[in-house]
Amino acid sequence: MTEGTIPAAAEAEGDTLTRLEQEGEIAADYLEGLLDIADLDGDIDMDVEADRAAVSIISDSSSRELQKLVGRDGEVLEALQELTRLAVHRETGDRSRLMLDIAGFRAKKRTELAHLGAQAADEVKSSGEPVKLNPMTPFERKVVHDAVAAAGLRSESEGEEPQRFVVVLPA
């Protein structure tokens with residue numbers, strides 16, 4: 001390698017990071033406009049986590065106002081995430097896997113789901129029988145799959161949306 005050249009892998013990694021940061025910037029602009037229209041206070045935090053842009057709306061004041069943007073069981077949050085992904089797609093032409101969190105809802109949910117996945121794995125280890133969990137969103141299933149894998153077992157998703165669920169299987 002000649003002096004001053006960057007290995008292709010490092011360059012590709014830098015390109016990916018730049019692209020994800022751009023997605024975060026576009027999403028933040030879109031969400032700031034949405035907060036202005038809804039007359040809600042909130043700060044936008046951007047990051048890159050697990051090869052995807054992550055954008056959070058947080059508030060110093062009561063997060064009760066932001067709960068309107070979360071909705072029942074995160075339904076409004078899921079819709080806003082899809083709209084934000086569409087806004088990013090419109091600007092970049094690329095499909096976005098951006099994750100949106102509002103008032104810490106998704107972070108809290110991630111902790112609860114990781115615990116659920118670990119409990120299901122323990123149950124399968126002790127019984128030797130598969131365990132079927134309740135239907136979940138793709139985000140929820142991903143967290144459970146990761147927790148099951150961390151416990152040394154495997155899992156699969158079965159069913160059709162919106163009734164798709166995780167089955168934890170014996171080793």
Side-chain angles (χ1 to χ4, degrees), residues 14-121 132-151 155 157-166 168:
D15 289 347
T16 299
L17 182 61
T18 301
R19 182 180 52 78
L20 294 175
E21 288 172 344
Q22 178 189 16
E23 282 186 21
E25 297 277 341
I26 294 166
D29 290 345
Y30 176 79
L31 292 166
E32 282 177 5
L34 180 75
L35 290 173
D36 286 345
I37 291 168
D39 196 28
L40 295 172
D41 291 326
D43 295 321
I44 310 285
D45 183 38
M46 295 178 298
D47 201 0
V48 174
E49 299 173 0
D51 293 334
R52 62 173 54 184
V55 178
S56 300
I57 301 175
I58 53 178
S59 178
D60 292 335
S61 62
S62 164
S63 65
R64 190 175 202 105
E65 277 202 359
L66 289 182
Q67 289 303 317
K68 297 173 187 173
L69 297 179
V70 173
R72 187 176 53 110
D73 295 328
E75 290 173 338
V76 176
L77 170 59
E78 289 290 331
L80 287 174
Q81 177 175 277
E82 285 307 309
L83 288 171
T84 304
R85 286 177 174 176
L86 286 171
V88 170
H89 176 73
R90 185 185 67 227
E91 292 290 322
T92 66
D94 294 326
R95 184 177 176 275
S96 174
R97 295 177 51 232
L98 176 130
M99 288 296 292
L100 175 63
D101 191 7
I102 300 174
F105 175 83
R106 210 177 280 277
K108 181 181 172 196
K109 190 79 166 174
R110 181 178 281 124
T111 301
E112 292 169 358
L113 290 165
H115 182 71
L116 174 67
Q119 279 183 317
K132 293 181 181 181
L133 300 175
N134 291 329
M136 298 178 189
T137 66
F139 160 76
E140 294 169 334
R141 290 193 309 270
K142 169 80 169 94
V143 173
V144 172
H145 286 306
D146 290 347
V148 169
S155 57
S157 292
E158 294 183 4
E160 298 293 324
E161 295 292 352
Q163 296 300 311
R164 201 154 165 79
F165 59 93
V166 174
V168 181

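- Annotation: the span from Lys68 atom NZ to Leu40 atom CG amounts to 6.0 Å, rounded to 0.5 Å.
- Ionic pairing of Arg164 and Glu140 is not present here: no N-O contact between side-chain nitrogen and carboxylate oxygen is shorter than 4.0 angstrom.
- One finds the CG atom of Leu31 at 4.5 Å from the CD1 atom of Ile57 (value rounded to the nearest 0.5 Å).
- Here the straight-line distance linking atom CD of Glu78 with atom CZ of Phe139 works out to 8.0 Å at 0.5 Å rounding.
- Not a single donor-acceptor pair under 3.5 Å links the side chain of Ser56 to the backbone N or O of Ile58.
- Scanning both residues, Ile26 and Ala87, for their nearest heavy atoms gives CG2-O, 4.1 Å.
- The two residues Leu98 and Thr84 have their closest heavy-atom pair at CD2-CG2, 3.8 Å.
- Sorted pairs that involve residues 44-53 and meet salt bridge (charged side-chain N to carboxylate O under 4.0 Å, His left out), not counting sequence neighbours, are lacking altogether.
- Residue pairs that meet the side chain to side chain donor-acceptor pair (under 3.5 Å) test with at least one member in residues 22-32, sequence neighbours left out, are Arg19-Glu23, Glu23-Ser96.
- Closest non-hydrogen pair, Val55 versus Ala27, comes out as CG2-CB, 4.0 Å.
- For Arg141 (side chain) and Met136 (main-chain N/O), a donor-acceptor pair under 3.5 Å exists by modelled atom type.
- Across every non-hydrogen atom of Ile102 and Leu66, the tightest pair is CG2-O, 3.7 Å.
- Take Glu75 and apply the salt bridge (Lys or Arg N to Asp or Glu O under 4.0 Å) test, not counting sequence neighbours, and it matches Arg72.
- Residues that satisfy the salt bridge (Lys or Arg N to Asp or Glu O under 4.0 Å) test with Glu82, not counting sequence neighbours, are Arg85.
- In terms of the salt bridge (Lys or Arg N to Asp or Glu O under 4.0 Å) criterion, Arg110 has no residue partners (sequence neighbours excluded).
- The salt bridge (Lys or Arg N to Asp or Glu O under 4.0 Å) test applied to Asp146 returns Lys142, not counting sequence neighbours.
- Counted within 6.0 Å of CD on Glu161, heavy atoms from surrounding residues, nucleotides or ligands total more than 12; the atom is thus considered enclosed.
- In this structure, Asp39 places its CG atom where only 12 or fewer heavy-atom neighbours from other residues, nucleotides or ligands lie under 6.0 Å away.
- In this structure, the separation between CZ on Arg64 and OG on Ser59 is 13.5 Å, given to the nearest 0.5 Å.
- From Glu65, atom CD reaches atom CG of Leu35 across 10.0 Å, with rounding to the nearest 0.5 Å.
- In this structure, Ala120 and Leu133 approach most closely via the heavy-atom pair CB-CD2, 4.1 Å.
- Judged by distance alone, with hydrogens and angles left aside, the side-chain atoms of Gln81 form a donor-acceptor pair with the main-chain N or O of Leu100 at under 3.5 Å.
- The OG1 atom of Thr137 lies 7.0 Å from the CZ atom of Arg106; values are rounded to the nearest 0.5 Å.
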